[in-house]
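Here is the structure we will look at.
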There are 2 protein chains.
Amino acid sequence: MIIQKTSNSRIQNLDKDNISFGSTFIDHMLVCEYENGKWGEVRIMPYGSFSFSPAMMCLNYGQACFEGMKAYKDQKGQVFLFRPEKNFERINKSAKRLAMPEVTREMFVEGLKALVDIDRAWIPQGEGFSLYIRPLIFATEEALMARESNKYMFAIIASPAKAYYSAPVSVLISDYYSRAANGGIGFAKAAGNYAAAFYPTQLANEAGYEQIIWTDDATHGYFEESGTMNVFVRVEDTIYTPPVSERILDGITRDSFIELAKRRGMEVVVDKIPVQFVINAHKEGTLKEIWGVGTAVVSNRFKAMGYKGERLTLPLLSDEESYAENLKKELIGIQSNQQEDPFGWRVLVEEGVAHK
Amino acid sequence: MIIQKTSNSRIQNLDKDNISFGSTFIDHMLVCEYENGKWGEVRIMPYGSFSFSPAMMCLNYGQACFEGMKAYKDQKGQVFLFRPEKNFERINKSAKRLAMPEVTREMFVEGLKALVDIDRAWIPQGEGFSLYIRPLIFATEEALMARESNKYMFAIIASPAKAYYSAPVSVLISDYYSRAANGGIGFAKAAGNYAAAFYPTQLANEAGYEQIIWTDDATHGYFEESGTMNVFVRVEDTIYTPPVSERILDGITRDSFIELAKRRGMEVVVDKIPVQFVINAHKEGTLKEIWGVGTAVVSNRFKAMGYKGERLTLPLLSDEESYAENLKKELIGIQSNQQEDPFGWRVLVEEGVAHK
């Protein structure tokens with residue numbers, strides 16, 4: 001690993017209470033380039049730009065996938081990653097499906113620890129603050145041929161994130177647009193999946209909904225995901241979530257919610273969720289909550305859902321009554337070292353690990 | 001339109017008989033940037049690079065679409081585009097579906113003519129030679145937020161292309177992988193659609209097939225496209241091709257083949273093609289040809305198809321007997337001004353139009 005530190009740190013500009021999420025970047029980034037059938041040396045270098053022409057293959061044929069993860073700083077200043085092995089496994093599943101080279105543990109896990117160690121001063125301390133981390137792989141060969149690229153870049157960039165209250169949102173159950181096909185790439189964190197979702201989301205916004213509940217493309221009869229999150233439904237005291245498949249992302253927050261709920265003795269059913277089952281539960285008054293989960297917001301509760309032209313209001317549970325809120329609180333507690341971690345999910349980033 | 005000509009033309013390096021297709025670019029490119037809700041000035045400038053960081057939105061969320069088109073030089077040295085209005089309409093359909101700003105006629109059609117005019121010396125003359133042209137739009141904002149970008153680049157780049165003989169290929173009828181979902185983006189020339197096809201194509205290659213015949217994702221019972229091309233099937237003397245839909249690209253070569261066939265009095269049926277219909281016709285000996293059509297190769301005949309573990313050999317018609325070959329010859333004749341153009345498809349690029 002080559003470490004080239006910046007001589008112009010920008011950290012004095014960091015105002016923790018006014019972070020522009022996603023456009024403020026830490027001093028360094030990790031970069032590794034693939035050529036002639038192999039990855040080159042891992043480099044940690046000042047965050048910055050490369051040069052590209054419009055013939056860059058990623059811009060033309062969309063070979064690109066990414067991960068989203070966070071680092072947390074506890075009250076003593078110790079820094080933790082959350083289940084990084086899961087992201088490492090998943091980026092390689094995405095890469096494989098997109099005919100891209102898989103990355104090594106050294107590049108992903110060890111590289112990530114070194115980067116976070118070097119820029120640990122950038123991680124804001126305090127309730128809900130974190131460092132949002134974005135590993136990505138994209139095709140860099142400059143050629144107009146509709147085939148897999150011969151050159152790639154793996155990069156890790158990161159942006160400090162402040163705590164934000166995620167107000168309950170309204171969601172529209174999709175009866176036309178889809179995000180994934182059978183035998184497609186819905187399970188991958190492929191760049192193209194996101195672009196495909198923006199226009200249907202704009203239409204949902206215009207109809208008064210913040211997000212879409214995606215349904216299966218063949219029948220629109222089953223819940224799949226919600227916005228860019230996995231979805232959970234609570235009927236009476238039972239939690240339902242769809243099984244992962246080639247159309248549904250194997251979310252790490254999803255998996256963590258399931259584990260936490262089971263440990264509390266809650267009943268969790270991982271099975272297909274028919275739209276009609278949810279609508280009927282709403283009619284009968286047994287539908288208690290619906291929420292989405294993902295790395296960025298951890299979880300987001302829904303206050304209303306649109307279905308076939310009707311807007312159905314969901315109950316507003318108190319934080320104490322809400323399973324979504326209770327599980328979220330516990331998860332954040334584990335992530336930020338405020339409570340015991342019986343699962344071994346937290347991974348300490350040792351100080352000075354970058355130089356070992 | 002701002003025209004900034006290169007002072008270092010690379011045209012002396014162009015060896016028409018040894019063109020490296022897709023990686024040799026003409027001296028200039030067209031560029032136009034979108035910011036603050038509007039497109040800036042159209043610039044024709046030396047082909048080259050821009051700087052970007054790994055936070056560029058296109059690399060993360062895949063907002064990118066493109067067109068493929070060609071310019072031809074006739075024996076007198078006149079230069080023609082082929083149905084450019086169709087590409088202009090289609091790129092805007094793609095852009096809309098990907099929540100990207102549409103481009104103007106001035107940027108696309110007039111810009112294209114100016115670019116081709118300036119670099120007309122790069123267009124190789126002779127049977128089958130052409131200039132392959134790639135207009136594309138991609139998201140350039142540098143931010144990690146899963147929403148549509150606020151900044152875009154529209155570019156047109158081009159690469160000289162030599163005539164190449166497209167040998168008949170073997171195709172595998174897909175019974176698992178899919179390229180498009182109902183309510184998805186299959187009809188758009190979206191970057192992400194191509195990346196999604198590479199891995200299934202690799203698997204087909206390993207099984208001894210060059211391309212995939214994509215089928216509908218719900219049942220795999222109907223032909224949709226073939227590789228990156230639209231597909232035609234001839235049974236006895238009738239030509240079949242699937243209707244365009246939200247899953248199938250509205251191909252300009254497809255449309256031209258249909259028009260040419262109808263004009264010759266051939267029977268053309270635009271309707272769903274059940275896989276079983278093709279397999280049965282093969283058994284009964286009435287299946288005459290299957291071929292794909294697209295801008296790059298115009299058309300490519302198939303010599304065998306794989307289905308449920310069997311390799312079915314297709315008849316090898318002579319060029320005279322083949323509808324695919326006859327229609328291709330006529331289309332290239334029209335494109336390159338070797339024969340009359342009753343449809344008004346050819347568009348002359350006037351000399352000096354860039355400076356008008």
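First the proteins, then the strands, lettered A, B, ... as listed; each starts at 1.
- Using modelled atom types, one side-chain atom of A:Arg97 and one backbone atom of B:Ala196 make a donor-acceptor pair closer than 3.5 Å.
- Ranked by heavy-atom pairs under 4.5 Å with chain B, the list A:Phe21, A:Tyr132, A:Tyr176, A:Phe25 is led by A:Tyr176.
- Atom-to-atom distance recorded for B:Met56:CE and A:Ser49:OG is 10.0 Å, nearest 0.5 angstrom.
- With chain A as the partner, the residue from B:Gly184, B:Ala146, B:Ala139 showing the most heavy-atom pairs under 4.5 Å is B:Ala146.
- With chain B as the partner, the residue from A:Gly192, A:Ser149, A:Ala195 showing the most heavy-atom pairs under 4.5 Å is A:Ala195.
- Between chain B and the options A:Ser23, A:Cys65, A:Pro200, the largest number of non-hydrogen pairs under 4.5 Å is found for A:Pro200.
- For A:Met29, the part lying under 4.5 angstrom from a heavy atom of chain B is the side chain only.
- Annotation: maximal heavy-atom pairing with chain A below 4.5 Å, among B:Gly62, B:Ser20, B:Ala197, occurs at B:Gly62.
- Looking at A:Phe138, only its side chain comes within 4.5 Å of chain B, counting heavy atoms on both sides.
- No donor-acceptor distance shorter than 3.5 angstrom exists from the side chain of A:Ser53 to the backbone of B:Gly48, with no hydrogens or angles considered.
- Rounded to the nearest 0.5 Å, atoms CE (B:Met145) and OG (A:Ser159) are 8.0 Å apart.
- Counting heavy-atom pairs closer than 4.5 Å to chain B, the top-ranked of the candidates A:Ile185, A:Ile157, A:Leu59, A:Leu98 is A:Leu59.
- For B:Glu142, there are no salt bridge (charged side-chain N to carboxylate O under 4.0 Å, His left out) partners, not counting sequence neighbours.
- For A:Glu246, the part lying near chain B is the side chain, with the backbone staying farther off; criterion is any non-hydrogen pair under 4.5 Å.
- How far NZ of B:Lys96 is from OH of A:Tyr199: 4.0 Å, rounded to the nearest 0.5 Å.
- Proximity to chain B involves both the backbone and the side chain of A:Gln63, based on heavy atoms less than 4.5 angstrom apart.
- Classification of the B:Phe50-A:Phe52 ring pair by plane angle, with boundaries at 30° and 60°, yields tilted.
- Counting heavy atoms from C-beta outward, B:Asn182 and A:Tyr177 have side chains that stay 4.5 Å or more apart.
- A:Tyr194 is not listed as a side-chain neighbour of B:Glu148, based on a closest heavy-atom distance of 4.5 Å or more.
- Residues of residues 213-227 of chain A having a heavy atom under 4.5 Å from any heavy atom of chain B, listed by number: A:Asp217, A:Ala218.
- Per-residue heavy-atom pair counts under 4.5 Å with chain B were compared for A:Ser51, A:Ala155, A:Gly186, A:Ala64, and the maximum is reached by A:Ser51.
- With a 4.5 angstrom heavy-atom cutoff, B:Met57 does not touch chain A via any of its atoms.
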